[in-house]
Amino acid sequence: MTSTLESTRVSDLLLSKVPQITLAFWVIKVFSTTVGETAADYFNDTLGFGLTATSIVTGALFLVALAVQFRTRRYVPTVYWITVVLISVVGTLITDNLTDVVGVPLWASTLGFAVLLGATFTVWFRRERTLSIHSIVTRRREAFYWLAILFTFALGTAAGDFLSEALGLGYVLAAVLFAAVIAAVAIAYVVFHANAVVCFWIAYVLTRPLGASLGDLASQPVADGGLGLGTTATSAVFGIVIIALVVFMTVQLARQRRQLVASDPSVVSAVAGARRHAAS
């Protein structure tokens with residue numbers, strides 16, 4: 001008999017459509033939000049594409065990446081993280097369009113996206129009875145997952161801009177504030193054994209404004225409270241780190257899967273059966 005721990009490991013490595021939650025996961029998550037923030041500014045302002053053209057192009061690229069992600073049968077680091085980076089840009093642009101084009105106040109968009117995210121979680125849980133990312137093994141669950149991710153990015157962008165710009169906290173103070181709240185969530189999980197799913201999603205939402213604040217801090221002019229590195233350099237530096245970590249995760253994951261199958265060849269048929277059961 002396979003133990004519960006071993007079954008979870010098999011599911012994560014061979015069945016799940018999303019990565020295991022490790023330190024590398026959180027680093028890439030924060031950096032992808034940073035690239036999402038600076039890349040949107042780069043295409044919109046530096047290259048002069050404008051908000052509308054940038055939104056259309058990145059939106060189309062995201063839909064292509066999402067389609068490829070849905071066609072994969074299990075977690076593929078390159079495909080997954082390209083989708084995350086693109087949805088980060090799209091989430092940023094949704095908030096920017098609401099603020100700059102439609103004229104929606106940041107407090108209102110923050111509240112609105114919080115309601116939409118809460119509604120997504122409610123419907124997701126009622127249909128699937130779980131919000132755990134370890135359960136992302138069917139297309140319907142994956143659809144709920146990516147919809148929630150989209151709203152976390154849009155919400156994080158709105159909340160980050162609201163605190164750093166509308167309330168005038170500045171990029172440094174906003175980044176410190178979000179980092180402190182994330183640390184408090186981590187302590188609640190590790191020390192006080194708070195619910196893992198709740199802690200994960202709270203941290204996931206908060207890493208968006210943290211990454212955006214770091215991106216603005218690095219890229220914005222010194223006169224505006226930034227370091228003056230510009231969107232090009234900031235996007236390139238953080239993008240290189242993301243690529244390096246994704247390559248590392250790809251190699252590591254392939255080795256783990258080979259070792260798992262070599263230790264128990266019957267796991268392949270077990271995974272196939274689990275897929276059929278989850279889809280039924």
Side-chain angles (χ1 to χ4, degrees), residues 21-41 81 84-85 87-96 98-99 104-118 120-121 133 148-192 194-220 224-227 229 231 234-235 237-239 241-242 245:
I21 308 306
T22 62
L23 178 59
F25 171 90
W26 289 113
V27 172
I28 299 178
K29 171 60 172 65
V30 173
F31 283 15
S32 67
T33 63
T34 302
V35 171
E37 180 77 11
T38 57
D41 292 340
W81 287 110
V84 169
V85 170
I87 202 173
S88 173
V89 179
V90 170
T92 298
L93 291 170
I94 289 174
T95 299
D96 288 347
L98 287 175
T99 303
V104 177
L106 286 170
W107 68 264
S109 55
T110 300
L111 179 60
F113 286 125
V115 171
L116 289 172
L117 180 61
T120 300
F121 283 145
I133 68 165
I149 296 300
L150 177 62
F151 287 143
T152 64
F153 278 115
L155 171 60
T157 299
D161 290 347
F162 178 65
L163 287 178
S164 63
E165 298 176 10
L167 296 185
L169 295 184
Y171 304 127
V172 175
L173 186 56
V176 171
L177 176 62
F178 287 118
V181 177
I182 292 172
V185 172
I187 292 173
Y189 170 67
V190 174
V191 178
F192 300 104
N195 184 275
V197 175
V198 173
C199 289
F200 170 83
W201 283 112
I202 292 175
Y204 202 99
V205 171
L206 292 174
T207 52
R208 177 63 185 92
L210 172 62
S213 297
L214 292 175
D216 287 335
L217 174 63
S219 63
Q220 295 303 309
D224 295 334
L227 299 178
L229 299 180
T231 56
T234 302
S235 299
V237 170
F238 283 92
V241 175
I242 291 174
L245 286 174

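Just so it is clear, the model here is predicted, and its values are computed rather than measured. All values below were derived from every heavy atom in this structure, side-chain atoms included, with hydrogens, water molecules and symmetry-related copies excluded.
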Return all side-chain donor-acceptor pairs below 3.5 angstrom for residues 149-158, not counting sequence neighbours, or 'none' if the list is empty.
from, atom 1, to, atom 2, distance (Å)
Thr152, OG1, Ile149, O, 2.6
Thr157, OG1, Phe153, O, 2.9
Thr157, OG1, Arg208, NE, 3.3
Thr157, OG1, Arg208, NH2, 2.9

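- With sequence neighbours left out, Phe31 forms a ring-ring contact (aromatic ring centres under 6.0 Å, His included) with Phe238.
- When atom types are taken as modelled, the side chain of Thr92 and the backbone of Ser88 share a donor-acceptor pair closer than 3.5 angstrom.
- Residues satisfying the ring-ring contact (aromatic ring centres under 6.0 Å, His included) criterion with Phe121, sequence neighbours excluded, are Trp201.
- Evaluation of the salt bridge (Lys or Arg N to Asp or Glu O under 4.0 Å) test over residues 174-192, restricted to residues two or more places apart or in two chains, returns none.
- Listed by chain and number, the residues in a side-chain hydrogen bond (donor to acceptor under 3.5 Å, both in side chains) with Thr38 are Ser235 (sequence neighbours excluded).
- Here the CD1 atom belonging to Ile21 is positioned 8.5 Å from the OH atom belonging to Tyr204, to the nearest 0.5 angstrom.
- Of the inter-residue distances, the one linking Leu206 atom CG with Thr33 atom OG1 reads 11.5 Å to the nearest 0.5 angstrom.
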Check the pair Leu106 / Leu98 against side chain to side chain contact (heavy atoms under 4.5 Å, CB included), numbers first and verdict last.
CA-CA 9 Å; Leu106 286 170; Leu98 287 175; over 6 Å; no

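- Taking Thr207 as the reference, Lys29 meet the side-chain hydrogen bond (donor to acceptor under 3.5 Å, both in side chains) condition, with sequence neighbours excluded.
- Here Thr231 pairs with Thr46 under the side-chain hydrogen bond (donor to acceptor under 3.5 Å, both in side chains) rule; sequence neighbours left out.
- Separating the CG atom in Leu111 from the CG atom in Leu116 is a distance of 9.5 Å, to the nearest 0.5 Å.
- Remark: Tyr189 pairs with no residue by the ring-ring contact (aromatic ring centres under 6.0 Å, His included) rule, at least two apart or across chains.
- Expressed to the nearest 0.5 Å, how far CD1 of Ile94 lies from OG1 of Thr99 amounts to 11.5 Å.
- For Leu245, the side chain to side chain contact (heavy atoms under 4.5 Å, CB included) test picks out Val27, Ile28, Val241, with sequence neighbours left out.
- In terms of heavy atoms, Val85 sits closest to Ser32 at CG2-CB, 3.8 Å.
- With sequence neighbours excluded, no residue forms a ring-ring contact (aromatic ring centres under 6.0 Å, His included) with Trp107.
- Ala175 pairs by the side chain to side chain contact (heavy atoms under 4.5 Å, CB included) definition with Leu210, Ser213, Leu214, not counting sequence neighbours.
- Taking each heavy atom of Val205 and Pro209 in turn, the nearest pair found is O-CD, 2.9 Å.
- When all heavy atoms are compared, the tightest approach of Thr234 to Gly215 is CG2-O, 4.2 Å.
- Remark: of the listed residues Ile202, Val190, Val198, Ile202 is the sole one forming a side chain to side chain contact (heavy atoms under 4.5 Å, CB included) with Val185.
- Scored by the side chain to side chain contact (heavy atoms under 4.5 Å, CB included) test, Ala194 finds Ala188, Cys199 as partners (sequence neighbours excluded).
- Of the inter-residue distances, the one linking Leu177 atom CG with Leu167 atom CG reads 10.5 Å to the nearest 0.5 angstrom.
- Interatomic distance, Ile133 CD1 to Phe200 CZ, rounded to the nearest 0.5 Å: 4.0 Å.
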